[in-house]
There are 2 protein chains.
Amino acid sequence: MSEDGAAKTDNAGRGVFEPITPSPAYKLVADAIERQIVSGRVRPGDALGTEAELVKQFGVNRSTVREGIRLLEQGGLIRRDSNRKLYAAVPNYDRFADDVSRAFVLNEITFRELWEATMAIEIAVVELAAERISEEFLGKLDENLNKSRSALNKPSKLALLDIEFHTILAKAADNRVLQFAREPENKLFFPTTEMLFRRNAQAPQRNVSAHEAIVDALRKRDKVNAGIWMRRHINDWKKGFELINKSIDQAIDRTYAED
Amino acid sequence: MSEDGAAKTDNAGRGVFEPITPSPAYKLVADAIERQIVSGRVRPGDALGTEAELVKQFGVNRSTVREGIRLLEQGGLIRRDSNRKLYAAVPNYDRFADDVSRAFVLNEITFRELWEATMAIEIAVVELAAERISEEFLGKLDENLNKSRSALNKPSKLALLDIEFHTILAKAADNRVLQFAREPENKLFFPTTEMLFRRNAQAPQRNVSAHEAIVDALRKRDKVNAGIWMRRHINDWKKGFELINKSIDQAIDRTYAED
DNA sequence: ACCAATTTGTCCGTATGTATG
DNA sequence: TCATACATACGGACAAATTGG
């Protein structure tokens with residue numbers, strides 16, 4: 001909360017000069033390339049020239065160019081196809097899902113925080129899906145239900161199918177912002193859901209039954225009941241959690257951060 | 001959609017060997033450091049040794065170490081204090097907000113997608129806030145209201161205060177997952193909100209009135225009315241948008257990606 | 001299928017500016 | 001003040017992989 005750095009040359013206070021903040025050359029290189037891509041002057045898919053060419057254009061050493069490239073590489077603005085040439089790229093938003101999830105864990109987010117967000121997001125997703133789901137996605141949900149019914153006694157597989165179910169739903173809702181917002185659920189709920197299936201004999205059947213009721217409501221375009229069942233479904237998760245564990249206010253296990 | 005690369009040495013099909021995917025040394029360096037931090041063997045704040053030391057430990061060249069460091073630098077797992085030594089760090093989740101917002105814009109997310117997500121998130125936020133808001137945050141909201149009332153004819157300032165209002169609310173709700181999920185609203189709605197205030201004479205007053213009603217409900221711990229007013233408030237934004245613009249299904253302006 | 005040019009990955013040595021004690 | 005340590009940046013070099021005949 002406190003910002004108390006840079007007290008050394010800051011005393012002049014008023015004046016006509018902007019505070020000067022020197023950036024290392026490799027960062028300037030990265031920023032320059034980034035601007036070209038974000039502004040659209042370099043289109044995604046365009047080859048970005050070889051390192052030697054960039055060296056000539058920027059007038060810096062190749063090592064410096066390479067360090068700049070590494071900065072962008074991590075952010076997804078640069079792609080390498082076959083380990084070779086560099087291409088400009090538009091970062092896919094869910095490339096950040098892993099990083100965000102990991103940051104959540106390292107910042108000791110609680111199950112409660114994740115669960116509350118899940119409740120809001122999943123209900124919104126299912127209500128939107130009720131408005132606009134296509135036959136194609138209804139078919140995918142049916143298929144998921146079939147597989148789930150055959151996996152009632154396979155906790156790990158069923159937990160994966162649970163993730164798949166909600167992922168299909170989010171796609172059917174046709175909203176990429178919500179799709180991204182729910183990514184941490186996928187990454188962080190899984191191990192707990194699996195354990196929950198393993199320890200609570202009724203949990204698998206309840207899970208599949210809720211999914212069935214949701215699909216049923218979606219097929220009827222019944223937004224209200226879809227929402228009601230989703231709420232029950234998410235509530236069930238919490239109840240199951242409290243049944244086998246101490247408190248939902250504990251932080252998510254740090255081991256979940258290790259992929 | 002088609003995956004047809006790597007047909008050269010792939011013909012063996014079945015076998016006991018894992019497909020081998022060579023990683024460059026600089027990436028191995030980054031991964032190694034990352035694992036130490038994520039696993040907790042290196043604690044946040046710990047100095048990470050000098051480049052020379054890392055060179056000795058990894059047995060690679062200085063340039064290689066530096067490239068690896070750049071990869072981590074962008075992800076926030078590494079911090080440099082005064083331009084000097086490297087420290088391990090826990091990435092703050094909202095350091096990714098800018099990247100995600102930019103990715104949304106570059107992927108041509110529509111206002112509808114953002115708005116639908118906002119509706120879900122803000123209602124959840126205000127309902128949680130109604131349960132647990134402290135006097136301190138109520139005071140901050142009051143202060144925000146006062147400033148807003150004096151800024152009714154300053155569109156830019158009022159738009160900033162609108163962001164502040166919702167940010168305070170999210171903090172009062174005490175849920176960091178929702179707090180992060182709503183970050184793109186801050187980044188991406190602002191220019192449009194400002195324009196909306198500028199072009200629609202009634203919009204500023206409607207905005208502040210809704211905020212007042214929300215604070216009033218929060219003070220009474222009235223979850224239902226807080227939710228109702230928030231819904232109206234978010235709906236108002238869409239109505240205002242449609243009043244001055246063509247369609248909410250258009251992509252968010254690319255220029256918003258340029259900070 | 002082979003060859004030559006290009007390009008990346010990696011390494012070495014060195015110079016410079018700056019922060020620390 | 002001065003010496004040391006360290007990050008930044010540069011130039012040159014070579015091997016391996018890729019590309020394009």
Side-chain angles (χ1 to χ4, degrees), chain A residues 4-11 19-34 42 45-89, chain B residues 4-11 19-34 42 45-89:
Chain A
D4 55 5
K8 216 183 303 178
T9 59
D10 224 21
N11 298 329
I20 190 165
T21 56
S23 287
Y26 65 83
K27 183 149 182 46
L28 295 177
V29 168
D31 289 344
I33 296 174
E34 175 176 343
V42 174
D46 286 0
L48 207 61
T50 67
E51 291 179 4
E53 282 172 330
L54 294 176
V55 165
K56 260 189 257 174
Q57 291 191 47
F58 288 114
V60 296
N61 189 269
R62 190 156 81 101
S63 308
T64 308
V65 168
R66 285 172 63 83
E67 287 185 41
I69 287 173
R70 298 303 160 239
L71 285 180
L72 299 176
E73 194 173 312
Q74 192 68 356
L77 279 169
I78 271 185
R79 228 203 183 100
R80 49 160 106 288
D81 245 4
S82 62
N83 201 333
R84 208 61 181 176
K85 255 186 183 166
L86 291 173
Y87 297 96
Chain B
D4 56 5
K8 215 185 306 180
T9 58
D10 222 22
N11 298 328
I20 189 165
T21 56
S23 286
Y26 65 81
K27 181 148 182 47
L28 296 176
V29 168
D31 289 344
I33 296 175
E34 175 176 343
V42 174
D46 285 0
L48 207 60
T50 68
E51 291 181 4
E53 284 172 331
L54 295 176
V55 165
K56 260 189 257 174
Q57 290 191 47
F58 288 115
V60 296
N61 190 267
R62 182 94 154 274
S63 310
T64 307
V65 168
R66 284 171 66 80
E67 287 186 40
I69 287 173
R70 297 303 163 238
L71 284 178
L72 298 176
E73 193 173 312
Q74 191 68 352
L77 279 169
I78 271 186
R79 241 212 167 87
R80 43 164 50 34
D81 245 3
S82 63
N83 192 334
R84 209 64 183 171
K85 255 186 183 165
L86 291 173
Y87 297 95

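Chain letters run A, B, ... following the sequence lines, proteins first, then strands; residues in each count from 1. This one's a predicted model, so the numbers in the text were calculated from it and none came from an experiment.
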Please report, to 0.1 Å, the donor-acceptor pairs under 3.5 Å made by any side chain of residues 67-75 of chain A, with sequence neighbours excluded.
| residue | atom | partner | partner atom | Å |
| --- | --- | --- | --- | --- |
| A:Glu67 | OE1 | B:Arg66 | NH2 | 3.2 |
| A:Glu67 | OE1 | B:Arg70 | NE | 2.7 |
| A:Glu67 | OE1 | B:Arg70 | NH2 | 3.0 |
| A:Glu67 | OE2 | B:Arg66 | NE | 2.8 |
| A:Glu67 | OE2 | B:Arg66 | NH2 | 3.2 |
| A:Arg70 | NE | B:Glu67 | OE1 | 2.7 |
| A:Arg70 | NH1 | A:Glu73 | OE1 | 2.7 |
| A:Arg70 | NH1 | B:Tyr26 | OH | 3.4 |
| A:Arg70 | NH2 | B:Glu67 | OE1 | 3.0 |
| A:Glu73 | OE1 | A:Arg80 | NH2 | 3.0 |

Do the side-chain N or O atoms of [X] get closer than 4.0 angstrom to the phosphate oxygens (OP1, OP2) of [N]?
{"X": "A:Arg80", "N": "C:dT7", "value": "no"}
{"X": "A:Arg66", "N": "C:dG9", "value": "yes"}
{"X": "B:Arg70", "N": "D:dT8", "value": "yes"}

Rounded to whole Å, please give me the gap between [atom1] in [X] and [atom2] in [N].
{"X": "A:Tyr87", "N": "C:dT7", "atom1": "OH", "atom2": "C1'", "answer": "12 Å"}
{"X": "A:Lys27", "N": "D:dA7", "atom1": "NZ", "atom2": "P", "answer": "19 Å"}
{"X": "B:Leu86", "N": "D:dC6", "atom1": "CG", "atom2": "C1'", "answer": "11 Å"}
{"X": "B:Glu67", "N": "D:dA9", "atom1": "CD", "atom2": "C1'", "answer": "14 Å"}
{"X": "A:Phe58", "N": "D:dG11", "atom1": "CZ", "atom2": "P", "answer": "16 Å"}

Partners meeting side-chain hydrogen bond (donor to acceptor under 3.5 Å, both in side chains) with A:Asn61 (sequence neighbours left out): A:Ser63
Residue closer to the 5' end of DNA chain D, B:Glu53 versus A:Ala25 (nearest nucleotide):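 Between the two, 5'-proximity favours B:Glu53.
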Sugar-phosphate, base or nothing in reach of B:Glu51, heavy atoms under 4.0 Å: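 If one applies the 4.0 Å heavy-atom cut-off, B:Glu51 turns out to touch a base.
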Contacts of type side-chain contact (heavy atoms from CB on, under 4.5 Å), residue [X], not counting sequence neighbours:
{"X": "B:Val42", "result": "B:Gln36, B:Ile37, B:Asp46, B:Leu48, B:Ala88"}
{"X": "B:Ala32", "result": "B:Arg35, B:Phe58"}
{"X": "B:Ala47", "result": "B:Tyr87"}

Pull out every protein N or O sitting under 3.5 Å from an N or O of nucleotides 12-16 of chain C, one pair per line with the distance.
| residue | atom | partner | partner atom | Å |
| --- | --- | --- | --- | --- |
| C:dC12 | OP2 | B:Asn61 | ND2 | 3.3 |

Most 5' of B:Thr64 and A:Thr50 on DNA chain C, judged by nearest nucleotide: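 Its nucleotide being nearer the 5' end, the pick is A:Thr50.
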Heavy-atom side-chain proximity of B:Arg62 to B:Val65 below 4.5 angstrom: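 Of all side-chain heavy-atom pairs linking B:Val65 with B:Arg62, none is under 4.5 Å.
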Considering all heavy atoms, the nearest B:Gly76-B:Ala89 contact: O-CB, 3.8 Å
